[in-house]
A.B. asks: 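Input: one structure, supplied below.
Protein chains get the first letters and strands the later ones, always in sequence-line order, with residue 1 at the start of each.
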Amino acid sequence: MKPFGYLRAGSVEEAVRAGADHPGARYLGGGTNLVDLMKLGVEQPPLLIDVGRLPLDRIEERPDGGLRIGALVRNSELAAAAPVRDRYPALSQAVLAGASGQLRNTATTGGNLLQRTRCTYFQDTSKPCNKREPGTGCPAREGAHRDLAVIGHSEHCVATQPSDMAVALAALDATVHLHGPEGEREVPVTEFHRLPGDRPERDTVLRPGELITAIELPPARAAAHSCFRKARDRASFAFALVSVAAVLEVRDGAIQYAALAFGGLAHRPWRARAAEEVLVGAPATQGTFGRAADAELTAARPLPENGFKVPLARNLTVGVLADLAARD
Amino acid sequence: MESTNQPAAADAQATAHRQPPLAYDARSELVLHVNGTPYTLTLDHRTTVLDALREHLGLTGAKKGCDHGQCGACTVLVDGRRANSCLLLAVAQDGRRITTIEGLAHGNDGADGERLHPLQEAFLERDALQCGYCTPGQICSAVGVLTEAADGFPSHVTPYTAASGAPMELTPDEIRERMSGNLCRCGAYPRIVEAVGDARDAGGAES
């Protein structure tokens, strides 16, 4: 690891000012991904701006019935919070499906959203990688890509976004609150992560010096159920091969509302709008669920070693939606 | 290797009018409260809590296994919650209370004493180890598990219908899931699950 400076920010404004004044600096939250990447040499910031003690560690009720989650709420606290478990169970389940107990106690909400891909070429500085070092190429396309993207990828990058939490937030229509040198703004979580295109070095639409301050959830639909399900190589403590977050509202056998997002398939949480179009207004049957999954996954372009993800995503979708439909 | 992951062009634009980067101090003074004793240290910012414990304070109970947060051998308690000490920069933990395996037993001096923690007793009683390398991390992690369950933290295997906020019952499935961040290459897992169950029955969270 290269030597670096350390600055503990006393306020959001101070942190953002320091971030703007020091190019290449990184904000330090829990550090569970950043410190690891620094050990690997993937990240070499000259300065860490520690935002870990800023007063952004609260979960607050919003007047409209939504929930505002401070960027520094620990993953374990987020998953355990009563309003999250009671009203947004998919979010609690997604957080609990990721990492280990130790990591969830340390990792923050904002940091979880900014996790870098676990593509092995990205993490290995002896290998080319367009995301880590633009223009050097993508060995994953011809190499080890079993865990990587099947949809929305480009010739430059086939990485997947690793956060389970982000998948649930995408299905729940969450908004990311940002504070930067130019002021504050909000970005829907579905537009926060980018597709790789020809700029795979940019994971998100975050501008230089911008800091995540909170995630906001709109009011939960009273008559809907939500859940998160993940398929992985081990029963615990493994990244997703495919995951699904779903919100479903059924009345008299017909689907009133549906929101669906996939993880493990793409460079960002994949909100399945085409599937949702098939679902809404249709009868809540296995046939509908399968047709909805197919409508979305027809755009998939799997690589030689990860074609299994497409039927896996379809089966997970049908299973999750059938379980949610059976809860009424 | 000079590349970073920042959008370089946008970065340069945004900062072109600003001062060139300053030289940064690479070391800071900080205080870690370890097993009840405050230690003032001046450390290179790269020093993790694990390295501070092992190399600067002579506390070698926490082990360096993978050094990437994947094996759990370095697990300690920070302000009462378990964490991977290999991923914690010491400078960022300034002022925190850290409990290591050396601080779990109680004696007249409050640390490194004669009366073992119920989890240490249970691991001995159940012979829940072979080589012992992962054991300090397993035990510190299990201490965290008992507290988290008492505090109503759910897990991946907790039924969605379970009441939020209520203490969690630590079934063997719950123990296995909650301990999945601690690897044991000897494969002592069955005995580890039994030992944590014994400590649960003995009311280990209150000790």
A.B. asks: Supply the atom-to-atom distance B:Met179 CE to A:Phe237 CZ, rounded to the nearest 0.5 angstrom.
C.D. replies: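 Atom-to-atom, B:Met179:CE and A:Phe237:CZ are 12.5 Å apart.
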A.B. asks: Non-hydrogen atoms of chain A under 4.5 Å away: do they reach the side chain of B:Thr75, the backbone, both or neither?
C.D. replies: side chain
A.B. asks: List the steps and the verdict of side chain to side chain contact (heavy atoms under 4.5 Å, CB included) for B:Asn182 and A:Gln102.
C.D. replies: CA-CA 9 Å; B:Asn182 292 83; A:Gln102 290 96 314; 2.8 Å; yes
A.B. asks: Heavy atoms only, distances under 4.5 angstrom: which of A:Ala82, A:Pro46, A:Ala99, A:Ala97 has the most pairs with chain B? Name it, please.
C.D. replies: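 Top count of heavy-atom pairs under 4.5 Å with chain B: A:Pro46.
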A.B. asks: Between B:Asp25, B:Leu88, B:Asp67, which residue shows the highest count of heavy-atom pairs closer than 4.5 Å to chain A?
C.D. replies: B:Asp67
A.B. asks: Looking at CZ of B:Arg81 and CZ of A:Arg74, how far apart are the two atoms once the value is rounded to the nearest 0.5 Å?
C.D. replies: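 The CZ atom of A:Arg74 is 12.0 Å from CZ of B:Arg81, to the nearest 0.5 Å.
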A.B. asks: Heavy-atom count around B:Arg185 CZ within 6.0 Å, excluding the residue itself: above 12?
C.D. replies: no
A.B. asks: Does the side chain of B:Glu148 come within less than 4.5 Å of A:Ser76's, by heavy atoms?
C.D. replies: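 Of all side-chain heavy-atom pairs linking B:Glu148 with A:Ser76, none is under 4.5 Å.
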A.B. asks: Report yes if the side chains of A:Thr106 and B:Leu87 come closer than 4.5 Å at any heavy-atom pair, otherwise no.
C.D. replies: no
A.B. asks: Let me know if A:Arg234 has heavy atoms under 4.5 Å from chain B in its side chain, its backbone, both or neither.
C.D. replies: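 Neither part.
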A.B. asks: Highest number of heavy-atom pairs under 4.5 Å with chain A: which of B:Gly152, B:Ala92, B:Gly165?
C.D. replies: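 Most pairs with chain A among the choices: B:Ala92.
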A.B. asks: As an exercise: rank A:Gln93, A:Arg8, A:Glu77 by heavy-atom pairs under 4.5 Å with chain B and give me the winner.
C.D. replies: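 With the most close heavy-atom pairs to chain B, the winner is A:Arg8.
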A.B. asks: Please classify the contact of B:Ala163 with chain A as side chain, backbone, both or neither, using a heavy-atom distance under 4.5 Å.
C.D. replies: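 Looking at B:Ala163, just its backbone touches chain A.
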A.B. asks: Please report the closest heavy-atom contact between B:Glu177 and A:Ser236, naming both atoms and the distance.
C.D. replies: OE1-OG, 2.9 Å
A.B. asks: Determine, step by step, whether A:Tyr6 and B:Leu30 satisfy the side chain to side chain contact (heavy atoms under 4.5 Å, CB included) criterion, reporting the C-alpha distance in whole Å, the side-chain angles of both residues, the deciding distance to 0.1 Å, and the verdict.
C.D. replies: CA-CA 12 Å; A:Tyr6 173 87; B:Leu30 57 108; over 6 Å; no
A.B. asks: Which bit of A:Leu28 is near chain B, if near means a heavy-atom gap under 4.5 Å: side chain, backbone, both or neither?
C.D. replies: side chain
A.B. asks: Quick one: does B:Leu89's side chain get under 4.5 Å of A:Leu48's, heavy atoms only?
C.D. replies: yes
A.B. asks: Please examine the side chains of A:Arg104 and B:Phe153, heavy atoms only from C-beta on, and report whether any two atoms are closer than 4.5 Å.
C.D. replies: no
A.B. asks: More than 12 non-hydrogen atoms from neighbouring residues, nucleotides or ligands closer than 6.0 Å to CD on B:Glu169, yes or no?
C.D. replies: no
A.B. asks: Side chain to side chain contact (heavy atoms under 4.5 Å, CB included), that's the test. Do B:Cys86 and A:Lys39 meet it? Break it down for me.
C.D. replies: CA-CA 10 Å; B:Cys86 75; A:Lys39 289 184 180 196; 4.0 Å; yes
A.B. asks: Only pairs of heavy atoms separated by less than 4.5 Å count here; which of B:Pro154, B:Ala26, B:Gly144, B:Ala162 has the most with chain A?
C.D. replies: B:Pro154
A.B. asks: Nearest 0.5 Å, what's the OG-NE2 distance between A:Ser92 and B:His156?
C.D. replies: 11.5 Å
A.B. asks: With a 4.5 angstrom heavy-atom cut-off, is it the side chain or the backbone of B:Asp44 that approaches chain A, or both, or neither?
C.D. replies: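 It is neither, since no heavy atom gets under 4.5 Å.
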A.B. asks: Ignoring hydrogens and geometry, is there a side-chain-to-backbone donor-acceptor pair from B:Arg46 to A:Met1 under 3.5 Å?
C.D. replies: yes
A.B. asks: Do B:His68 and A:Leu40 come within less than 4.5 Å of each other through their side chains, counting heavy atoms only?
C.D. replies: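 A side-chain contact exists here, since the closest heavy-atom pair is under 4.5 Å.
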A.B. asks: Below 4.5 Å, heavy atoms only, C-beta onward: do A:Arg327 and B:Tyr160 meet side chain to side chain?
C.D. replies: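 Of all side-chain heavy-atom pairs linking B:Tyr160 with A:Arg327, at least one is under 4.5 Å.
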A.B. asks: For B:Asp151, is it the side chain, the backbone, both or neither that has a heavy atom under 4.5 Å from a heavy atom of chain A?
C.D. replies: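 Contact with chain A is absent: no heavy atom of B:Asp151 under 4.5 Å.
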A.B. asks: CG of A:Asp86: more than 12 outside heavy atoms within 6.0 angstrom?
C.D. replies: yes
A.B. asks: Below 4.5 Å from any heavy atom of chain B, which atoms of A:Pro3 appear? Answer side chain, backbone, both or neither.
C.D. replies: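 Both parts, heavy atoms under 4.5 Å.
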A.B. asks: Counting only heavy atoms closer than 4.5 Å, note whether A:Asp36 contacts chain B via side chain, backbone, both or neither.
C.D. replies: both
